[in-house]
There are 2 protein chains.
Amino acid sequence: MDLDARKLGILKAIIDEYILSASPVGSRAISKHEGFNLSSATIRNEMADLEELGYLAQPHTSAGRIPSDKAYRLYVDQMMQKAALSDDEIKIIRAHMSEKLDEVEAVMKHTAQALSAVTNYTAMVLPPMLAANRLRHIQLVPLREGRALVVVVTTAGFARDAVIRVPEDMSSDELERISRILTERFYDCRMDHIGERVASEMGGELYERKAFLCSVVEAIERKIEPETPNVQLSGATNMLHYPEYSDMNKAKTFLAAVEGRSMLYEMLKRASKLEFTITIGNENEDEMFKDCSIVTATYQIGDEPLGSFGIIGPTRMNYGKVMSVLEYMRRSLSELLSSELNDE
Amino acid sequence: MDLDARKLGILKAIIDEYILSASPVGSRAISKHEGFNLSSATIRNEMADLEELGYLAQPHTSAGRIPSDKAYRLYVDQMMQKAALSDDEIKIIRAHMSEKLDEVEAVMKHTAQALSAVTNYTAMVLPPMLAANRLRHIQLVPLREGRALVVVVTTAGFARDAVIRVPEDMSSDELERISRILTERFYDCRMDHIGERVASEMGGELYERKAFLCSVVEAIERKIEPETPNVQLSGATNMLHYPEYSDMNKAKTFLAAVEGRSMLYEMLKRASKLEFTITIGNENEDEMFKDCSIVTATYQIGDEPLGSFGIIGPTRMNYGKVMSVLEYMRRSLSELLSSELNDE
DNA sequence: ATTAGCACTCTGAATTGGCGAGTGCTAACC
DNA sequence: GGTTAGCACTCGCCAATTCAGAGTGCTAAT
């Protein structure tokens, strides 16, 4: 059931054309395509075959053919050529990323913006998951009556904070003391191991403050994997430019789904196990995205994957371009995060 | 040029009706309205007068009338009655706000969600501006070669961080020492005064580190008023439900404008000088929002205004409801922030 | 001052009739 | 046998047309 060279060529031509035009492509268009010297009738025969094999579909008799998800899968796996980024595109990315970025949140936001600006699709970025980071500092800062702010800082320069309760009898000196002890004791400990370590090392001078320490640790653990999905989103409205979403209801459901973030969060989390993923149309589990394709990549510090980001577009997206952009971004984001944040 | 009681009554009836139906209201509908015992012909005469006075407009001959911005202004100033919140609505708000909120960002996000969920319009929230907060703690945490993270914590429990450069010859002990000195020296100093204070008190033991301290202060100052507008947005897609935005292009421009955040940021900043603002249609400076109304309120800790939030909807919005919601939210948000963050 | 009546206007929805793009099939061609 | 020209047919799309309904303004009567 695999295709001969000619069928492949025709299929590729159809897909390329459809990606550009978004409207069913007919036999005539392909027969005029450079390279083939075949009449439209011949192409028609081939197209009928391709349709039988499930690679093409017809919206209705007497329309051209459009590629099926199966066709896109084949295209992505075997015939797509990555499109190198143009100078202009690189300039766009640079413009977004070269601003003064002294905070991780800002980096994430600008990454999303750069991605959506350069691809014209919808971009999403999952901020770093701190699990694999190592602790650098813990600070307890007393606030008003019975409250304090826990601040944790990790090796890579990420800070998280949370308000916690403090026993009434605890002085601010003692909070300072505890901060110092915790920092010392757990310096360079993986963030996701702090919980167990604290549990096992609760003895000694810390024992009497057990309950309090537990609440501190719990607060920290909540921050490792943000429960409030903090996914950065950009260019959701780009989708409205594409004829696929000229139907108001489709547009509405798409935007609503995306605004909720939580689906994106799940997808990105799942995807952060693999360097790249491409999910086409029906391969998506969410009903919502059955006619979208989603391409993701991970970024990392050293070898440790930190988080991921991706592009959502119509199945008819420009896969070649998108892949190149993600590759480029993966590299620059990883560099940016491991070597330095732009403080100048 | 002021209106007699009957004209006022008719105008109010028209506005109330139009707010519900979004379609031009005709004389017949009003004449049937309870309270008036007038025939449609009489109403027509009055409507013609109201039109001449600029309170009504006709989309075209032989359509009903729709209220002008001027009419809404009158409505809001003189005839609107605030609609008390229903139990259901209060429940919705509670549901959003009662989650575990141990971080200011999360509070802001949930506030926006609650607002948009309960009003069905678009909600925006400007996170606290730290200018009026007082410093509680400064911590410099060494990261890799030549970098450190500055963390500042304010009285109200807000934390901000930024990556900065550190002179190569500075030890981590010295960073710790400087943290302690800075915290001590500027404890309880208004955030927006730190700059000048540092400039004037640079003498003594800190003098030799002048350049470094300047960069620390600069980083802190950048965080007081976030340049990356960090406005929380929720329910942008709610607008698509309203017939005003059934036109794709209108919807597109609205969503794009709103996604950019920066306009919202400006508006909210401007609005944060007043407890409440209502801006109707053409009163908006931005071309983009000429057929929206925007209602805002501020929240505060004690008497100090911290930030603001608001609702964007069609000019035909339910002003009474929106005002009540904002009042309610203003109170609960101010309480939440001044007394405690929900850590349980 | 109010109202009934009427002619007039305008929109929006439904219907219709080409036009054009594209197909599938058949018969001829190399 | 693979390829192609030719042709009848299908179907969506667009523009033009029609028609009902809602609403108006005006006038004359109450």
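Only heavy atoms go into these numbers, but all of them, side chains included; no hydrogens, no water, no symmetry mates.
Atom NE2 of His60(B) and atom C1' of dG12(C) are 10 Å apart (whole Å). Straight-line distance from the OH atom of Tyr18(B) to the P atom of dG23(D): 14 Å, rounded to whole Å. The nearest whole Å value for the distance from the CD atom in Glu46(B) to the C1' atom in dT3(C) is 14 Å. Atom CD1 of Ile43(B) and atom P of dT2(C) are 10 Å apart (whole Å). Atom CD1 in Ile14(A) sits roughly 13 Å away from atom C1' in dG22(C) (whole-Å rounding). Separating the CD1 atom of Ile66(A) from the P atom of dG22(C) is a distance of 14 Å, rounded to the nearest angstrom.
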Nucleotide by nucleotide, nucleotides 23-30 of chain C touches protein heavy atoms under 4.0 Å in the pattern (B base, S sugar-phosphate only, - none) BBB-----
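The stretch residues 244-252 of chain A does not touch DNA chain D, since none of its heavy atoms comes less than 4.0 Å from the strand.
Phe289(A) and Phe254(A) have perpendicular rings, their planes meeting at more than 60° on a 0 to 90° scale where under 30° would count as parallel.
Thr315(A) and Ser293(A) are not linked by any side-chain donor-acceptor pair at a separation below 3.5 angstrom, with hydrogens and angles left out of the test. Side chains of Ser116(A) and Ser234(A): a donor on one and an acceptor on the other come within 3.5 Å.
Between Lys12(A) and Asp16(A) there is a salt bridge, with a side-chain nitrogen of the basic residue lying less than 4.0 Å from a carboxylate oxygen of the acidic one.
Heavy atoms from other residues, nucleotides or ligands lying under 6.0 Å from NZ of Lys290(A) number more than 12.
Phosphate proximity of dT3(C) to Thr42(B): present, with a side-chain N or O under 4.0 Å from OP1 or OP2.
Judged by the 6.0 Å and 45° rule, Arg73(A) forms no cation-pi pair with Tyr55(A).
Across Ile15(B) and Ala71(B), no two heavy atoms sit closer than the pair CD1-O, 3.7 Å.
Residues Ile66(A) and Gln58(A) form no side-chain contact, since every pair of their non-hydrogen atoms from C-beta on lies 4.5 Å or further apart.
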